[in-house]
Enquirer: 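One structure coming up, written as structure tokens, with questions to follow.
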Amino acid sequence: MAGTTSLGARLYRQIKRHPALIPMIGFIGLGMGSAALYLLRLALRSPDVCWDRKNNPEPWNRLSPNDQYKFLAVSTDYKKLKKDRPDF
């Protein structure tokens, strides 16, 4: 079985032959890791996602106007916002 080598062994051989692949593999790994962390953040911190329907069926109603739920707020200062909606 000469053609059954593992993916890690093939990758190691390619890196050993072509060391210029190291930055490319690093940047691809960094991009995949940051994409996975962003998806995890969206799943855990977003008000649109509801994991506990019995205790908190509408999590977006518990947000106060001072809560920043966007990933990046360029020009909005959430600490200065006032409540402009009724309580339900």
Enquirer: Quick one: do Ile28 and Ile25 end up in the same hydrophobic cluster if we chain Ile, Leu, Val, Met, Phe, Trp and Tyr together by side-chain heavy atoms under 4.5 Å apart?
Expert: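 Per the 4.5 Å side-chain linkage, Ile28 and Ile25 are co-clustered.
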
Enquirer: Per the side-chain contact (heavy atoms from CB on, under 4.5 Å) rule, which among Lys16, Arg10, His18 passes with Gln14?
Expert: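 Only match with Gln14 under side-chain contact (heavy atoms from CB on, under 4.5 Å): His18.
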
Enquirer: Give a yes or no on whether Ile22 and Leu11 share a hydrophobic cluster (residues Ile, Leu, Val, Met, Phe, Trp, Tyr; joining criterion: side-chain heavy atoms under 4.5 Å apart).
Expert: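 Ile22 and Leu11: one cluster.
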
Enquirer: Mind checking whether Met32 and Leu39 sit in one hydrophobic cluster, side chains of I, L, V, M, F, W, Y counted as touching below 4.5 Å?
Expert: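 In one cluster with Met32: Leu39, no.
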
